[in-house]
Colleague: 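My questions will all concern the structure given below.
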Amino acid sequence: MRYIEVPTRDGTVLRGFHYAPAEPGPVVLVLTPYGADRFHRDGEFFADRGYHFVSVDSRGRGGSDGEFRPFHDDGADGHDAVTWLADQPFARGGVVTYGGSYSGFVQWAVASTRPPALRGLAPAASVYPGVDFPAVGGIPTAYAVQWLSYTHGRRLNTGPWADDERWRKAHRDLGNRPFRDLDIASVGERLPAFQEWLDHPAYDDYWASFVPSEPTGLPVLTVTGQYDDDQLGALTYLEQHPPTHTASRLVIGPWDHAGTRSAANTFGGLNFPADSAIDLLALHADWYDWILDRGPCPNFLAEPVTYYHIGAGWRHAPSLHEKQPTLLRLPETTLVMDPALVEDEPQEFREELADGAFVHTTPAHDVSGRPRAVLNLSTDLPDFDLLVQLYLLRDDATLLSETVFRARHHDLTAGPVELTLPFISRTAEPGDRFGTRIRAPHRRYETNHAARGEVRLGTDSYLAIPAAEHHGSGPGSSRSSSSTRSPVTTTDNAGR
């Protein structure tokens, strides 16, 4: 390991670490606000594989010069880092990028600037600004303040950030005060980024300025999870900026946000088989080898899409194309919206079955895809929010997928509202049922104080739940050369 200083066009110096093999070779670059040192294990691994691994602090973070302004400077700084690194004597064969969460966003931002030496990007659990963080569906998240406190100043403020009960209490104690005061209530001062974000509640040109405006033409390895808070962001990049390179790949594991880096198979009260825990470091190195003409396509990535079907293992497909869905008709009902009854966000994905908790239940079937909720809504309220959730009901209730909705961003007189839920894939057992819950969002989101009243759900509302595609495991099964069990590796956090 060596210290490294990377200059940028305006004279700002980015500092971090360089893990070097014995010979010149390609460079793996990660630009992170979470501390360049946390990639120590990754750096040693990639150096052993013949890569020069460079981890640098984002502008204004850690040892780097300047001021950290989330989302604003990462594309330009990353472009300059790629260009400078490619000109160093140790670099041979181009530069690829690495990292997850905020560092996943950084890779897309850098790719949008098209540095000539960039050969590919591998974003995991990528934040898509304005889509999945710091707001979801146009509803600001309380986590935005928690994250800003985490990255406040130059050090990583892990102790306060990890005290979830402290943040829940701050949101509860906010009461009827404006959500804009959550920063003062939480940390005692205004956070300029939080205030700036609240000035753009819906996706607009402000948010669009941070992401690519067209396909990059580069190979992209996208990694996300069925319980990844930033799955929406990761898949939105692929939908809005479809990779055109034939070596682009998508991997969806049965993971939460941190699991997209560690492949952990236990979290939030859930447990998954050992074969779900693949070696993500080795998978990245094998993919880099392939796109840089240093090795063959990894067996695990033989198809463009690889996903874990809970109950049947890894499956491979040419796309995320879904079979004709089953329509679950929702009964006409009246939902009571009362911000005084908003609850804290549950800490686990499993909970006890509760009588009357679900709008509708129906026998479950094998499912792979992104469920859609089509809702006919009417109300006399000036505004309201909904949380739409899909559960698997067995001995208890396991959350499968959820999405949020804010009425002010939609014209309810124009027809049904259509919402897309995150990707899920699992096998149903005899006796399983799907449960649909529609209610006011919990305190993960800004509380909507205009929502004291009733919302009517019409009889033509339904959930469209895709059936599973029955692909075989094939040569890219979970025991291929790129998917042995993985120890825990670096995690970044910009979601739950």
Side-chain angles (χ1 to χ4, degrees), residues 10 12 14-15 31-38 57-74 77 101-103 105-106 109 127 129-136 138-202 204 206-207 209-210 229-230 257 339 342 344-345 385 406 441-450 492-496:
D10 64 359
T12 299
L14 308 179
R15 296 181 177 88
L31 183 63
T32 176
Y34 301 125
D37 62 308
R38 71 187 309 174
D57 292 315
S58 300
R59 173 184 294 250
R61 297 287 299 143
S64 293
D65 295 344
E67 176 188 359
F68 180 55
R69 299 187 304 157
F71 307 127
H72 282 272
D73 302 302
D74 304 284
D77 286 350
S101 194
Y102 189 93
S103 294
F105 150 74
V106 170
V127 172
V131 169
D132 60 345
F133 179 83
V136 183
I139 307 178
T141 62
Y143 184 74
V145 171
Q146 188 175 353
W147 184 83
L148 287 170
S149 77
Y150 187 42
T151 56
H152 183 70
R154 292 192 171 274
R155 63 176 174 263
L156 197 60
N157 304 301
T158 304
W161 168 80
D163 187 356
D164 287 335
E165 179 53 37
R166 177 186 182 280
W167 299 102
R168 287 193 292 270
K169 183 177 185 302
H171 196 184
R172 288 195 300 268
D173 291 349
L174 190 65
N176 293 326
R177 292 168 61 189
F179 191 68
R180 282 186 179 274
D181 289 347
L182 184 59
D183 50 4
I184 293 178
S186 301
V187 298
E189 64 179 69
R190 285 290 185 211
L191 299 176
F194 181 60
Q195 299 300 315
E196 182 177 300
W197 293 342
L198 291 178
D199 289 338
H200 301 272
D204 58 12
Y206 168 82
W207 298 113
S209 68
F210 300 131
D229 295 290
D230 290 306
H257 186 68
V342 172
D344 289 340
E345 178 184 9
D385 300 343
R406 174 158 282 183
H442 38 60
R443 285 195 187 89
R444 181 181 186 181
Y445 305 96
E446 174 191 23
T447 300
N448 193 337
H449 291 286
D492 296 338
N493 299 276
R496 176 158 30 204

Colleague: Could you tell me whether the side chain of W167 and the main chain of P160 form a donor-acceptor pair under 3.5 Å?
Modeller: yes
Colleague: Got a sec, which residues hit salt bridge (Lys or Arg N to Asp or Glu O under 4.0 Å) with D385, two or more places apart in sequence or on another chain?
Modeller: R406
Colleague: With a 4.0 Å cut-off, would you call E165 and R172 a salt bridge?
Modeller: yes
Colleague: Counting N and O atoms only, with roles assigned by atom type, does the side chain of H171 sit under 3.5 Å from a partner on the main chain of R443, one being a donor and the other an acceptor?
Modeller: yes
Colleague: Centroid-to-centroid, W147 to F133, below 6.0 Å?
Modeller: yes
Colleague: Below 4.5 Å, heavy atoms only, C-beta onward: do P140 and F194 meet side chain to side chain?
Modeller: no
Colleague: What distance do D77 atom CG and L31 atom CG have between them, rounded to the nearest 0.5 Å?
Modeller: 6.5 Å
Colleague: Locate the shortest heavy-atom distance separating P134 from G130; write the atom from each residue and the value.
Modeller: CD-N, 4.1 Å
Colleague: T447 and H449: side-chain contact (heavy atoms from CB on, under 4.5 Å), yes or no, with the steps?
Modeller: CA-CA 6 Å; T447 300; H449 291 286; 3.9 Å; yes
Colleague: Specify the closest pair of heavy atoms between L174 and F179, including all atoms of both residues, with the distance to one decimal.
Modeller: CD2-CA, 3.9 Å
Colleague: Regarding D57 and R15, does a basic nitrogen lie under 4.0 Å from an acidic carboxylate oxygen?
Modeller: no
Colleague: For D199 versus R180, what's the shortest heavy-atom pair and its separation?
Modeller: OD1-NH2, 2.5 Å
Colleague: Is there a donor-acceptor pair closer than 3.5 Å between any side-chain N or O of R155 and the backbone N or O of G62?
Modeller: no
Colleague: Run the side-chain hydrogen bond (donor to acceptor under 3.5 Å, both in side chains) test on T12 and R59 for me, step by step, so that the C-alpha distance in whole Å, both residues' side-chain angles and the decisive distance to 0.1 Å come before the verdict.
Modeller: CA-CA 8 Å; T12 299; R59 173 184 294 250; 3.0 Å; yes
Colleague: Walk me through it: do H257 and D230 pass the test side-chain contact (heavy atoms from CB on, under 4.5 Å)?
Modeller: CA-CA 7 Å; H257 186 68; D230 290 306; 2.8 Å; yes
Colleague: Verify, without hydrogens or angle tests, whether S186 (side chain) and D183 (backbone) share a donor-acceptor contact under 3.5 angstrom.
Modeller: no
Colleague: Could you check whether the rings of F105 and F210 sit parallel, tilted or perpendicular, using 30° and 60° as the cut-offs?
Modeller: perpendicular
Colleague: Return yes if some donor-acceptor pair links the side-chain N/O of S101 with the main-chain N/O of S103 below 3.5 Å, else return no.
Modeller: no
Colleague: Check whether any side-chain N or O of D132 sits under 3.5 Å from a backbone N or O of V127 as a donor-acceptor pair, and report yes or no.
Modeller: no
Colleague: Which heavy atom of R177 sits nearest a heavy atom of A185, and at what distance?
Modeller: NH1-CB, 4.2 Å
Colleague: Minimum heavy-atom separation for L148 to A193, with atom names?
Modeller: CD2-CB, 3.9 Å
Colleague: OG/S149 to CD/E189 distance, rounded to the nearest 0.5 angstrom?
Modeller: 10.5 Å
Colleague: Where is the tightest heavy-atom contact between H152 and N157, given as atom of each residue plus distance?
Modeller: O-ND2, 3.0 Å
Colleague: Have Y102 and D74 got a donor and an acceptor in their side chains that come within less than 3.5 Å?
Modeller: yes
Colleague: Tell me, do R444 and D229 make a side-chain contact under 4.5 Å, heavy atoms counted?
Modeller: yes
Colleague: Between the side chains of E345 and Y445, is a donor N or O closer than 3.5 angstrom to an acceptor N or O?
Modeller: no
Colleague: When the ring planes of F71 and W207 are compared, do they come out parallel, tilted or perpendicular, using 30° and 60° as the limits?
Modeller: perpendicular
Colleague: Do Q146 and L182 pass the side-chain contact (heavy atoms from CB on, under 4.5 Å) test, and can you show the C-alpha distance, the side-chain angles, and the key distance before you say yes or no?
Modeller: CA-CA 10 Å; Q146 188 175 353; L182 184 59; over 6 Å; no
Colleague: In sequence, state the C-alpha distance, the side-chain angles, and the governing distance for R61 and T32, and then conclude on side-chain contact (heavy atoms from CB on, under 4.5 Å).
Modeller: CA-CA 8 Å; R61 297 287 299 143; T32 176; over 6 Å; no
Colleague: Can D163 and R168 be counted as an ion pair, charged N to O under 4.0 angstrom?
Modeller: no
